[in-house]
Amino acid sequence: MSLLQVQNVSRHFGSLIAVNGVTLTVEPGELRAVIGPNGAGKTTFFNLISGFFPPTAGKILFAGQDITALPPHKRVIMGMARTFQITEIFPELNVRENLRIPVEIASGLRLRPWLSKSADARIRERVAELMELGGLTEKADRLVGELSHGDQRATEIMMSLALRPRLLLLDEPTAGMGDQETYDISRLIRRLHKDQGLTIVLIEHDMRVVFNLADRIMVLAEGAVLAEGTPDDIANSEVVQAAYLGKAAA
Amino acid sequence: MSALTRQRLSLALIWLALLTMPYWMNAVGGYTELGTRVLVLGLAAMALNFLLGFTGVLSFGHAAYFGLGAYGAGMAIKYLAPSTPLAIVIGVVLGTLAGAIIGALIVKLRGVYFAMVTIAFAQVFFFIAIRWNAVTGGDDGLTGWHRHALDLGFGKIDILNNDKAFYYLVLVLFAIAVGLMALLLRSPFGRTLLAIRENERRARFLGLPIEQHIWLSFVISCLFASLAGTLFALLSNFIDPHALHWSQSGNFVIMAVLGGMRSFWGPLVGAAIFVVLQDYVSSHTANWMSIIGLFFVLVVMFFPRGVLGMLRRKAKS
Ligand SMILES: Nc1ncnc2c1ncn2[C@@H]1O[C@H](COP(=O)(O)OP(=O)(O)OP(=O)(O)O)[C@@H](O)[C@H]1O
Ligand SMILES: [Mg+2]
């Protein structure tokens, strides 16, 4: 069964049609990239999938269940996690606390007024594991608001991973990053995909990252699907070159 | 000295000061009742700050729950039974229940809208207290009752005539309340509140039902505010509608911000400054509130912790 099925969704903002009848199916274990020029509707599309706002038309199924009307937190509990184009973190808490919160939520402890020693130990261990994976161990006690942009991005991704998602939505994870940071984040994403078999949908402007990571690519332009296929298909597509790659090169 | 030892040391100093307060209050020109006021208003400000400082939600109507606690306690003694514990229980139940109902109606609101609606609800109770003469005593307040000695079964503690005994009763309840709040803030639940304060959007997309958690925080805050209210009424054996007035709500906010709303003990410090200034300055000039106001402005200008934090987040979003 497909993990995510987006069926013909649209989203209007007044007279503007930000997303216009988009259909997308994501299989378990797939890494799908969504590309397209600025204002194409990519982030809006993510907002529809994650429940930021409801679609004006269409239907969204997650793991076979209709989630079109579900609030965001219920989608998260079902296994959908996301990051944002502009980093969303807890700036005045340290890295450890930023990760601890989603770990506790994922363990079903969010309403707990106390913790047993063993539960506390388990949570610390998991937090340490996530910091290790994200290369954040040395920064454990630093306030996240004071970290570099790249480390903040890494923290946000690890916070999403802390939820043990089945589907991870990443909105331009390398935006605003230097070459080294971009490389580090791509490597992290590749590991999550290849080693852990995590299903990922990725919005990305950096074509090196996209063609390096993606199994399949969807191209959005003006709210609609312009093309869809393997990286080779997309690289050789004349429509895409004309409408998108050509413009980027110019 | 490590941060942890420094923290433990200041904690020990705070409790030592509170435990011995009735014995040095007179030496520094105060009196026991003044110390009790600091505890009571400090508890109310700390309760407000559970919501303001640790959940990031500003209630400008906490006088409602404080006042309901106070009236509940006074009316329980006047109309039901001459028992101090019963008065406290009834006041707390009344204030918490009101908080639970009003909270459920307003948790979807944010920022200024939330603050405005909390004021509006508080004013409703204020007018009820003024208009419902026969029961509340109206403008003149609820009189003709007083707190009663504590009956422990094997003996009585005369908290009515012995100021110090009443102080220690208040201190015990203060300690329990403050201990519970501290415990909650260190728990997974408490961390979800910090998460909401720090970044509501992030918290929601980590799987938190935000409204449910804000509601719980609001109710907990109202519970401890109404506990403070019951003690406030018992302290003066009297209660009038001022305790429900929006300016009283404002005073709690001033205490919290004055002392520092990002720190757990800040509001107690704020309450101490407030109560002491009120006591000293009001005996010299009727304009004591403008002195407090000036002091408030200076603190906000030169220790702009909260303001800075806000700007920093603005710059990022
Ligand atoms: N909440 C909103 N209200 C009104 N208009 C919106 C809203 N969100 C997005 N839009 C509009 O919808 C269109 C698509 O925006 P969106 O952010 O989805 O584009 P994008 O593909 O993510 O672009 P970028 O590559 O710049 O991030 C834009 O014209 C944008 O102004
Ligand atoms: Mg975008």
Side-chain angles (χ1 to χ4, degrees), chain A residues 46-47 50-52 71-84 86-94 96-116 119-120 123 141 143-146 149 152 155-156 159-165 169 171, chain B residues 2-4 50 53-56 107-108 179-217 219-220 223-224 260-263 305-317:
Chain A
F46 262 27
N47 285 341
S50 63
F52 200 91
H73 71 266
K74 294 212 169 133
R75 302 186 194 208
V76 173
I77 297 311
M78 287 179 69
M80 186 192 289
R82 74 169 289 183
T83 65
F84 292 83
I86 296 163
T87 319
E88 300 278 6
I89 42 169
F90 304 131
E92 297 203 23
L93 303 181
N94 64 30
R96 206 189 291 282
E97 292 161 331
N98 267 265
L99 293 176
R100 193 174 170 125
I101 289 163
V103 167
E104 285 174 340
I105 295 171
S107 314
L109 300 171
R110 66 181 169 82
L111 291 170
R112 274 294 190 87
W114 75 90
L115 266 188
S116 69
D120 186 63
I123 284 161
D141 296 312
L143 295 187
V144 174
E146 292 168 358
H149 179 65
Q152 292 190 357
T155 306
E156 198 193 9
M159 287 167 82
S160 305
L161 276 185
L163 299 168
R164 295 191 187 280
L169 306 169
D171 195 346
Chain B
S2 81
L4 192 66
F50 189 85
F54 296 102
T55 316
V107 282
K108 287 226 154 105
L180 285 174
M181 281 192 273
L183 213 68
L184 278 176
L185 287 176
R186 253 168 246 179
S187 72
F189 173 69
R191 276 184 284 275
T192 69
L193 301 183
L194 296 184
I196 293 169
R197 175 194 81 188
E198 286 292 304
N199 187 338
E200 182 179 325
R201 176 179 298 174
R202 181 68 276 175
R204 189 183 295 283
F205 284 87
L206 288 178
L208 283 186
I210 305 290
E211 281 75 25
Q212 183 192 14
H213 285 242
I214 291 182
W215 180 78
L216 282 168
S217 174
V219 174
I220 291 164
L223 187 155
F224 292 119
M261 54 183 207
R262 281 301 167 87
S263 80
R305 175 92 173 85
V307 178
L308 246 194
M310 226 173 67
L311 289 180
R312 206 184 298 154
R313 285 198 50 193
K314 274 248 169 66
K316 245 186 231 130
S317 60

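These numbers come from the heavy atoms of this one structure, side chains and all, not from hydrogens, waters or symmetry mates. Here is the naming used below: chain letters follow the sequence lines, and residue numbers restart at 1 for every chain.
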Open item on the list: For chain A, which candidate among B:Pro188, B:Ser187, B:Gly207 shows the most heavy-atom pairs at distances under 4.5 Å?
Closed with: B:Pro188

TODO: If the plane angle is over 60° it's perpendicular, under 30° parallel, otherwise tilted; pick one for B:Phe205 and A:Phe84.
DONE: perpendicular

Task: A:Ile77 versus chain B, the contacting section by heavy-atom distance below 4.5 Å - done: side chain

Task: Any side-chain heavy-atom pair of B:Arg204 and B:Glu211 under 4.5 Å - done: yes

Open item on the list: Counting C-beta onward and ignoring hydrogens, is there a side-chain heavy-atom pair between A:Arg82 and A:Ser160 closer than 4.5 Å?
Closed with: no

Task: Side chain, backbone, both or neither of A:Leu111 within contact of chain B (heavy atoms, under 4.5 Å) - done: both

TODO: Using the side-chain hydrogen bond (donor to acceptor under 3.5 Å, both in side chains) rule, take A:Arg100 and A:Asn94 through it: C-alpha gap first, then chi angles, then the decisive distance, then the call.
DONE: CA-CA 10 Å; A:Arg100 193 174 170 125; A:Asn94 64 30; over 6 Å; no

Task: Per-residue contact mode, B:Ile210 against chain A (heavy atom under 4.5 angstrom) - done: neither

